[in-house]
Amino acid sequence: MTQAFLDQVEAFAEKTIVPAASGWSMGAVPDGKIYEKAGQIGILGMQVPQTFGGQGLDFTSRAEACRILAGADFGFAMSLINTHNVALRLSEIAPGALCQRYISDLLSGKISACTALTEPGTGSDFAAVTTRATQTATGWVLNGEKTWIINGRHATLSIVYAQCAAVGDVDGIGAFLVDLNAPNITRYAIDSSFGQTSMGTGGFILRDVEVTQDAMLIAPATAFKAILTEINAARTYVAAMCNGMLARATRDAATYGARRHSFGKPLNAITSWQASLSAAETALKASQARTAQATDLVNTGEDAQLLAAQAKIDAVTAAQTHLPELLQLMGAEGLRSEHVFCRHIAAAQIAGFTDGATNILKDRVDRLITQKGP
Ligand SMILES: Cc1cc2nc3c(=O)[nH]c(=O)nc-3n(C[C@H](O)[C@H](O)[C@H](O)COP(=O)(O)OP(=O)(O)OC[C@H]3O[C@@H](n4cnc5c(N)ncnc54)[C@H](O)[C@@H]3O)c2cc1C
């Protein structure tokens, strides 16, 4: 892990993201310059090997950077990490011409990217994707729709998971690199009262979209396994991001509680007020400990399935439980868009869906523990 890089991420989060984020929570959209600034710091290539122009850092650094960025704005942090993840994927599995064509623009923040599994008819049940890839003499033709995709409204590139065989055949699913500005692709934004314009959430419809043979990044029979391996890392950094949000909100509420007076004394001198704050701090510490264990496992390449799922459940639950309590401690002031509370509450709900919905993860943890039992 490199402290110099993380210090730069911290400064970027404080000086650039935080001032812009209150506008994002009111519907404004991050401008291109902020992506380019993230690129200059190296955020978009933090784990990408140096031979491809990245920072070549370890997973621990990536999780730490995600934690810091999410403390400022979860949506924008997710947007950056999703572009990073596509760059990393390209460097790992398409190191040739395809990677060379796109990687410097991804790392510099000139273009963004996304990973598209979810469809209108299927989310958790990934094996049921119906987007179809049909082989032709020169490559593949894709048809289908992807929805609820981070960066979906502005990404240039997408790794699209599609079925090459019969629907439901997990060994038939492959992954394709698609230029979303190609003809026959219609995209749309998804807006909700849970803001998140900074996450760029959207979807796209593919109608007879032709891609070349080398656009198949992951061949059928390996794509399903590849996504399950990658998801342990994603669950772990999402856990770190939830911890980052809870840490920031706890710190901000503590600062406010020392400053704001009510009935002649500071808020933090009120027993029940302080008890709520302490409960958040305790939950945060427990969650951070579990996330650190999962991070170590992912970093060393050990089996992280159980701990990554547990870390995500703990961190999401702590954030979903305590962020509304912390908003309560702030009084009406906490509702102002310049504070993180409302954005973080919405983001914690979103974190409960992405990279494994909480109830499904709970069932998985039960199964893994039962398997490992005496
Ligand atoms: C803001 C946002 C950004 C996203 N970004 C991306 C992205 O970049 N790429 C992408 O591919 N997807 C993305 N997603 C989609 C996300 O991965 C899905 O929301 C998630 O997989 C859950 O699918 P679903 O929403 O269709 O819920 P469903 O699968 O329909 O589930 C609905 C509810 O039922 C529960 N449930 C379903 N099946 C079971 C079961 N077997 N056992 C127990 N409980 C069950 C779920 O936990 C959930 O609570 C994003 C979602 C959001 C909200």
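By convention here, the first residue in the shown sequence is residue 1. Since we're looking at a predicted model, the values are computed, not measured. All ligand and atom numbering here is 1-based and tracks the order in the structure. Just so you know, these numbers use all the heavy atoms, side chains as well, and skip hydrogens, waters and symmetry mates.
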Novice: Short list, please: which atoms of ligand 1 are under 4.0 Å from a heavy atom of Thr115?
Specialist: 7 (C), 8 (O), 9 (N), 10 (C), 11 (O)
Novice: Does ligand 1 come near enough to Asp355 that some N or O of the ligand is less than 3.5 Å from an N or O of the residue?
Specialist: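 N/O-N/O distance below 3.5 Å does not exist for this pair.
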Novice: If you count the atoms of ligand 1 from 1 in the order shown, which ones are under 4.0 Å from a heavy atom of Ala357?
Specialist: 46 (C), 47 (O)
Novice: Can you tell which of Leu117, Thr147, Asn82 gets a heavy atom nearest to atom 11 (O) of ligand 1?
Specialist: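 Selected option, by shortest heavy-atom distance: Leu117.
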Novice: Could you measure the distance from the OG1 atom of Thr255 to the CG atom of Asn268? Nearest 0.5 Å is fine.
Specialist: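 The distance works out to 10.0 Å.
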Novice: What I want to check is whether the side chains of Asn299 and Arg62 have a donor and an acceptor closer together than 3.5 Å.
Specialist: no
Novice: Should His84 and Tyr237 be marked as a ring-ring contact (aromatic ring centres under 6.0 Å, His included) after you check the CA-CA gap, both sets of side-chain angles, and the distance that decides it?
Specialist: CA-CA 13 Å; His84 167 276; Tyr237 69 65; 8.4 Å; no
Novice: Under a 4.0 Å N-O cut-off, is there an ion pair linking Glu333 with Arg260?
Specialist: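 Answer for the salt bridge query: no.
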Novice: If you measure only the distance, is there a donor-acceptor pair under 3.5 Å linking the side chains of Asn151 and Ser112?
Specialist: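 There is no such pair between these side chains.
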Novice: Given Phe353, Tyr161, Trp148, which has its nearest heavy atom closest to atom 7 (C) of ligand 1?
Specialist: Trp148
Novice: Can you name the one residue among Thr317, Asn243, Asp314 that meets side-chain hydrogen bond (donor to acceptor under 3.5 Å, both in side chains) with Ser287?
Specialist: Asn243
Novice: Could you list which atoms of ligand 1 come closer than 4.0 Å to a heavy atom of Thr118?
Specialist: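 Numbered from 1, ligand 1 contributes 10 (C), 11 (O), 12 (N), 13 (C), 14 (N), 15 (C), 16 (C), 17 (O).
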Novice: Within a distance under 4.0 Å of any heavy atom of Met199, pick out the atoms of ligand 1 and give their elements.
Specialist: 1 (C)
Novice: Near Asp363, which atoms of ligand 1 are under 4.0 Å from a heavy atom of that residue?
Specialist: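 Within the 4.0 Å cut-off of Asp363, ligand 1 contributes 42 (N), 43 (C).
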Novice: Would you call Arg248 and Asp252 a salt bridge, using N to O less than 4.0 angstrom?
Specialist: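 Yes, charged N to carboxylate O under 4.0 Å.
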Novice: Nearest 0.5 Å, please: how far is CG in Leu297 from OG1 in Thr236?
Specialist: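 If I round to the nearest 0.5 Å, the distance is 8.0 Å.
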Novice: Less than 3.5 Å between some nitrogen or oxygen of Thr358 and one of ligand 1, yes or no?
Specialist: no
Novice: Nearest heavy atom to atom 23 (O) of ligand 1: which of Ser192, Ser124, Ala234, Gly352 does it belong to?
Specialist: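 Result: the heavy atom closest to atom 23 (O) of ligand 1 is in Ser124.
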Novice: Any idea which atoms of ligand 1 are less than 4.0 Å away from a heavy-atom of Ile350?
Specialist: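 Selected atoms, number and element: 1 (C), 2 (C).
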